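Order of the sequence lines fixes the chain letters, A, B, ..., with proteins taken first and strands second; residue numbering starts at 1 for each chain. Bear in mind that the values here come from a model prediction, so they are computed numbers and not experimental data.
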Amino acid sequence: MSEKIVLIDGHSIINRAFYGVPDLTNSDGLHTNAIYGFLNIMFRILDEEKPDYLAVAFDLKAPTFRHQMYDAYKGTRKPMPEELREQVPVLKEVLQAMGIPLLMKEGFEADDLLGTAARVSEEKGINAVIVSGDRDLLQLATDNVLIRMPKTKRGTTEIENYYAADVKEAYQVNPPQIIELKALMGDASDNIPGVPGIGEKTATNLIVAYGSIENAYAHVEEIKPNRAKEALRNHYDMAKMSKKLATICVQAPLELSWENAKLTNLYTPEVYEWFKKLNFKKLLSRFDLTGTELPSVPEVKRVTELGEAESIFAKAADQDRLAFEICQSKDEFGISLALSEQEVYYLAAEGFLTEEYLTDHMTQVVEQVPLCAASDVKKLLKMVHPVHREHFFDIEIAAYLINPLISSYAHEDMGTPHAALTTLKKLPELLNKLDEMEMRSLFDEVEMPLVFTLFDMEQEGMRVNAEELKAYGEALVDKISALEKSIHEAAGEEFNINSPKQLGVILFEKLGMKGGKKTKTGYSTSAEVLDKLAPEHPIVRDILEYRQLTKLKSTYADGLAGCIAADGRIHSSFNQTITATGRISSTEPNLQNIPVRMELGRLIRKVFIPSDGYVFVDADYSQIELRVLAHMSGDEKLIEAYRQAEDIHRITASQVFHVPFDEVTPLQRRNAKAVNFGIVYGISSFGLSQDLSISTKEAKEYIDRYFETYPGIKVFLDKLVQDAKEQGYVTTMFGRRRPVPELKSSNFMQRSFGERVAMNSPIQGTAADIIKIAMNRVHDRLLREGLESRLILQVHDELLIEAKLSEADQVEQILREEMQQAADLQVPLEIDLHRGNNWYEAK
DNA sequence: TCAATCACG
DNA sequence: ACGTACGTGATTGAG
């Protein structure tokens, strides 16, 4: 069997990948979708073809002579979007790291290099496979040269294959005649002008009949359609030039080194590092599959003997830093422990080496080592609980502060014997970056202490009255089935009301309601749309109510019931590395979105109850984000407004609409409130107009008047956007960062989003910082003052404490002091306090 | 696995 | 001309 070479048209494939793969960005904000797509196509081809050689051709930046000819004739080529341009050099580096030769030659296009390489290969008796999305390349097909063209069809990539015979079948001409076809019909994407008035049909007919352009001209008088005859006669020069442009040069002075192109091991340590840097998790797995060598790692010593473990723990205790990870699975428990990058142990729980022994000793070690790095310290605290909590360094939280936009911070080695080694290796750079980015105190004084606050909150959990919850759910069932029946009757058939697709058909087709398309996939049936349709048909109100009730049933009644632990309490997880702004999030269950706005939903809060002898004390900040805005902007008028008035929306209305405070109408107040919200979200006249159901023109007037009234706000928001554009990120009062890569996008929508983010994140983030500080202080004071009351919940601007009856007054005092003093602002930080025997009463 | 929907701040 | 408010998580249906 003869040898085979794969030749890839670099620019063509990266282009195709760019437009075919959804936007991806790595942790540095570099776009990676085109690189990812390119590599996927390349690996697929390599898997299928199993070639002996591989090379990738690129155009050089300098214009080639073919383009010079054309540029002189007309304009220039369309520019490449910045998001793609930045990926090209990275791809080239990755390919070079794989040892793949890049074919580039000044004065020649990638086409020419591919053509030349294919011809040279064929002469040597080597089969060539050219991969490109460019139909021009079809002229190179022979019995030994295969052209493969990837096509994106319905999300999946299909590849069309062309040998000479396939070209003939598809186009009725031989491969070299593709040149003639292109020259006649032209190709806008390839900048070939063609002959005006001749399209694909006529061009094919002419070449099938005469074989070549020259021969067609020789017989120009007999050409049938008069239109074609005239077109040819009038544009002879154009046809000749187009032919030159369309002809791929197969005689380029190319020195293809077969030795370099020989396909050996693509999976080098260097490539491994690249894939990690680009966040190509899926591609990283190819390293394991191929069994190729990974970057060299020291031997991990597996320890199962008591005596040996003892001496390792003793040695560990003398270190000034270390890393450890707990590896726990179905039938395995062990501690990965790295004392240095050369000394790594895996202590397995076997025989005399019990889990308790390992975790107890690990606790002692952490007690004595000033810097202990690990991944997810909150989870570790279930097993390791030293007094010196400040010794812990959570690498995931550090990485989150450095870039909060990453979806997961767990490294690939978690759960393996060398997990701790990877953790230890990451430590120096994390420390450096935290210092460089001036987030060390945010990390040390806010985020790491918060780990323990959140841990304790999770352990405490929240008591639930299971019987009452069950009753609440059951009460919903009858109402739901009644509504279901009524809806099906009104519709005249049974269908799944929960399916927006089916519901859309019923409402907009069967019942003929006007609503039209709104989403990508079909009709929108959102509450917003349905509200407007409600007067048209009684079914709509039923559907809205059905939606409301089923939501309460499935997400809250059933959902919460499934989360009650053996102790009769719900232990939600509070996640510290999820949000882009610095807020915490709550999962399994989410206790931060328990209904409150609608009375029926709000009633579910009655099932959340304190332990016997305890009472709930709930405190929430009053408009913390707007107060943060007043402080950060330094706007005198807004600050003054907060110092004198209780009702900020009312005073805003009074000042913006120039009416006395006591004469503000409810509508004016409502509008002012909406503008206040809009400002915090990153104002846009469109957004405000939607919220208030007014025209964008009116919305813009409101905004202009607002900025006239509070000029400091406008200056502040403009500066946030400007700084973000210069620096690439925004910061909170406490130094927390959020990168805003969207600001560099060439897409208007993305860029606008970036601007709103630049305005909102410092405000939302600062508010998040403040309540985190307050949480830590409240948590610490409860412990330090020897109280039995416990912080159990945070809902962004609200803290809930399960307070011992006898301590309730003291708890209120602590909440008031610590929440108000958490930050020193130019406006007072006010809170509302409530007590209750359940969460409903306490809110 | 993704889109639509809706609960919260 | 573009086509939106900022930040989350759970459930459901459908590919």
Side-chain angles (χ1 to χ4, degrees), chain A residues 22 154-156 404 495-504 518-530 543-544 546-560 562-563 572-575 578-598 600-602 604-605 620-621 623-625 629 674-692 696 699 703 730 738 740 742 745-765 767-768 771 793-798 843:
Chain A
R154 282 176 256 107
T156 57
F495 67 101
N496 189 340
I497 309 166
N498 286 319
S499 161
K501 197 176 165 188
Q502 293 180 36
L503 182 61
K518 252 199 95 181
T519 63
K520 307 255 183 225
T521 50
Y523 305 106
S524 168
T525 65
S526 67
E528 193 191 339
V529 173
L530 262 43
I543 291 166
L544 284 166
Y546 174 88
R547 283 244 178 100
Q548 206 189 341
L549 299 187
T550 51
K551 180 96 177 180
L552 291 172
K553 178 82 168 76
S554 62
T555 303
Y556 299 103
D558 298 348
L560 290 173
C563 292
S572 170
S573 297
F574 295 105
N575 313 297
I578 299 291
T579 72
T581 52
R583 280 185 172 182
I584 57 178
S585 89
S586 157
T587 49
E588 286 177 278
N590 182 353
L591 289 185
Q592 292 180 322
N593 72 344
I594 303 301
V596 69
R597 294 174 190 167
M598 304 287 263
L600 180 63
R602 190 176 191 147
I604 205 169
R605 293 181 172 229
D620 67 289
Y621 280 112
Q623 299 127 10
I624 185 169
E625 293 186 344
L629 173 65
V675 177
N676 279 333
F677 269 94
I679 294 289
V680 169
Y681 289 159
I683 197 80
S684 81
S685 45
F686 187 90
L688 183 64
S689 75
Q690 290 297 297
D691 190 54
L692 289 176
T696 54
I703 294 166
V730 288
R738 169 169 183 178
V740 195
E742 295 89 350
S745 170
S746 60
N747 179 305
F748 173 85
M749 196 182 71
Q750 290 250 312
R751 221 168 40 242
S752 306
F753 173 72
E755 289 172 4
R756 294 195 294 273
V757 160
M759 294 188 264
N760 170 266
S761 290
I763 302 170
Q764 190 183 117
I771 197 162
L793 188 62
Q794 185 253 41
V795 192
H796 309 308
D797 65 351
E798 169 189 2
K843 184 79 176 108

Give [X] one of three labels, base, sugar-phosphate or nothing, depending on what nucleic acid heavy atoms sit under 4.0 Å from its own.
| X | value |
| --- | --- |
| A:Ile763 | nothing |
| A:Ser524 | sugar-phosphate |
| A:Val795 | sugar-phosphate |
| A:Gln690 | nothing |
| A:Ala758 | nothing |
| A:Gly682 | nothing |
| A:Arg602 | nothing |
| A:Ala767 | nothing |
| A:Arg547 | sugar-phosphate |

Practice problem: Hey, could you give me the NZ/OG1 distance between A:Lys501 and A:Thr525, rounded to the nearest 0.5 Å? | Solution: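 One gets 13.0 Å once the value is rounded to the nearest 0.5 Å.
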Quiz prompt | Residues that A:Lys551 engages under salt bridge (charged side-chain N to carboxylate O under 4.0 Å, His left out), provided they are two or more places apart | solution =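 A:Lys551 satisfies salt bridge (charged side-chain N to carboxylate O under 4.0 Å, His left out) with no other residue.
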Exercise. Name all residues meeting the salt bridge (charged side-chain N to carboxylate O under 4.0 Å, His left out) criterion together with A:Arg583; count only those two or more places apart in sequence or in a different chain, and write none if there are none.
Key: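 Residues passing salt bridge (charged side-chain N to carboxylate O under 4.0 Å, His left out) with A:Arg583: A:Glu625.
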Ignoring the backbone of [X], work out which of [options] is nearest its side chain.
| X | options | result |
| --- | --- | --- |
| A:Pro595 | C:dG7, C:dA5, B:dA7 | B:dA7 |
| A:Arg756 | C:dT4, C:dG7, C:dC2 | C:dT4 |
| A:Thr525 | B:dG9, B:dT5, C:dA5 | B:dT5 |

Quiz item: For atom P, what is the distance between B:dT5 and C:dT4, given to the nearest Å?
Solution: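 Each nucleotide's P atom is 14 Å from the other's.
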Quiz item: In whole Å, what separates the P atom of B:dA4 from that of C:dA5?
Solution: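 Their P atoms lie roughly 13 Å apart.
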Checking [X] now: which residues fulfil side chain to side chain donor-acceptor pair (under 3.5 Å) with it, not counting sequence neighbours?
| X | answer |
| --- | --- |
| A:Ser745 | A:Glu83 |
| A:Gln548 | none |
| A:Arg756 | none |
| A:Asp558 | A:Lys553 |

Taking atom [atom2] of [N] as reference, at what distance in whole Å does atom [atom1] of [X] sit?
| X | N | atom1 | atom2 | answer |
| --- | --- | --- | --- | --- |
| A:Phe677 | B:dC8 | CZ | C1' | 12 Å |
| A:Glu528 | B:dA4 | CD | C1' | 13 Å |
| A:Gln623 | B:dG9 | CD | P | 14 Å |
| A:Leu629 | C:dC6 | CG | C1' | 13 Å |
| A:Leu552 | B:dC6 | CG | C1' | 10 Å |

Practice problem: Step through the shown structure and confirm whether more than 12 heavy atoms of other residues, nucleotides or ligands are within 6.0 Å of CZ on A:Phe495. | Solution: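 More than 12 within 6.0 Å, yes.
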Self-check item: C:dT4 base / A:Ser684 side chain donor-acceptor hit below 3.5 Å
Solution: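 By the distance-only test, yes, there is a pair.
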Self-check item: Pair pattern of DNA chain C in dot-bracket, where unpaired bases get dots and | marks partners in another strand, Watson-Crick or G-U under 3.5 angstrom
Solution: .....|||||||||.
Quiz item: With the sugar-phosphate defined as primed atoms, P, OP1 and OP2, and the base as all remaining atoms, what B/S/- string results for nucleotides 8-15 of chain C, 5' to 3', for protein heavy atoms under 4.0 Å?
Solution: SBSSSSSS
Quiz item: Does OP1 or OP2 of B:dG9 have a side-chain N or O of A:Arg597 closer than 4.0 Å?
Solution: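 Yes, within the criterion.
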Quiz item: B:dA4 phosphate, OP1 or OP2: any side-chain N/O from A:Thr519 under 4.0 angstrom?
Solution: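 So the side chain of A:Thr519 is within the cut-off, an N or O lying under 4.0 Å from OP1 or OP2 of B:dA4.
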Quiz item: Does A:Glu742 have any side chain to side chain contact (heavy atoms under 4.5 Å, CB included) partners at least two apart in sequence or in another chain, and if so, which?
Solution: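 Residues passing side chain to side chain contact (heavy atoms under 4.5 Å, CB included) with A:Glu742: A:Val740, A:Gln750, A:Phe753.
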Self-check item: 5' precedence on DNA chain C between A:Asn760 and A:Met749 (nearest-nucleotide basis)
Solution: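 Nearest-nucleotide comparison on DNA chain C picks A:Met749.
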Quiz item: Do A:Ile543 and A:Leu530 come close enough that some side-chain heavy atom pair is under 4.5 Å?
Solution: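 With C-beta onward as the side chain, the pair touches.
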Quiz item: Within the distance-only criterion (no hydrogens, no angle test), does the side chain of A:Ser761 pair as donor or acceptor with the backbone N or O of A:Ala758 below 3.5 angstrom?
Solution: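 A pair under 3.5 Å: no.
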